[in-house]
Amino acid sequence: MISFEVDQELLKELYLQKVEEHLQEIEMEVFFMDSKQLATYLNMSWNTIVSNLLYDEDFPKVRLGSKWLFNRKEVQEFMEKYYLEVRNNGGDILKYKRRE
């Protein structure tokens with residue numbers, strides 16, 4: 001007779017890891033984000049986004065009535081460039097102002 005033991009903690013850890021991977025895949029399929037999703041995605045408060053990004057003419061956004069929508073891929077591309085600009089100009093988002 002064959003017997004085996006299952007490490008329940010390891011099994012739970014592997015299960016949660018796969019669930020997280022799947023959720024990330026689903027999240028990346030989302031085309032538009034709303035303001036709450038954007039704040040979560042950027043790990044910034046909405047007030048910081050408004051003060052430092054939203055009204056930058058190059059920041060990718062569209063308006064639907066009173067709601068802002070953001071294309072995930074375009075936001076990622078913008079933020080990669082913006083990150084380098086900020087880093088190369090002192091590294092402080094709150095002090096950095098883009099040149100027009």
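None of these values were measured; they are calculated from a predicted model.
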Looking at Pro60 and Val75, what are the two nearest heavy atoms and their distance?
CG-N, 3.6 Å
Transitively linked via ILVMFWY side-chain contacts under 4.5 Å: Val6 with Ile2?
no
CG on Leu53 to CH2 on Trp46, rounded to 0.5 Å
9.5 Å
For residues 79-88, run the donor-acceptor check on the side chains, cut-off 3.5 Å, and write out each pair with its distance to 0.1 Å, sequence neighbours left out.
from: Glu80; atom 1: OE2; to: Gln76; atom 2: NE2; distance (Å): 3.3
from: Glu85; atom 1: OE1; to: Tyr96; atom 2: OH; distance (Å): 2.9
from: Glu85; atom 1: OE1; to: Arg98; atom 2: NE; distance (Å): 2.9
from: Glu85; atom 1: OE2; to: Arg98; atom 2: NH2; distance (Å): 3.2
from: Asn88; atom 1: ND2; to: Leu84; atom 2: O; distance (Å): 3.1

Any Thr48 side-chain heavy atom under 4.5 Å of Leu42 side chain
no
Flag yes if Tyr55 and Phe70 sit in one hydrophobic cluster, no otherwise; membership is Ile, Leu, Val, Met, Phe, Trp, Tyr, and two members link when side-chain heavy atoms are under 4.5 Å apart.
yes
Would one find more than 12 heavy atoms of other residues, nucleotides or ligands at under 6.0 Å from atom CG of Asp58?
yes
Do you know the tightest heavy-atom contact between Tyr41 and Arg72?
CD1-NH1, 3.1 Å
Before accepting this row, confirm whether a basic side-chain N of the pair Glu21/Lys18 lies closer than 4.0 Å to the acidic partner's carboxylate O.
yes
What's the spacing between Ser51 OG and Ile93 CD1 if we round to 0.5 Å?
12.0 Å
Going by side chain to side chain contact (heavy atoms under 4.5 Å, CB included), name the residues that satisfy it together with Glu13, two or more places apart in sequence or in a different chain.
none
Any pair counted as side chain to side chain donor-acceptor pair (under 3.5 Å), so long as it reaches residues 60-71, sequence neighbours left out:
none
Enter the distance from Asp34:CG to Leu64:CG here, rounded to the nearest 0.5 Å.
11.5 Å
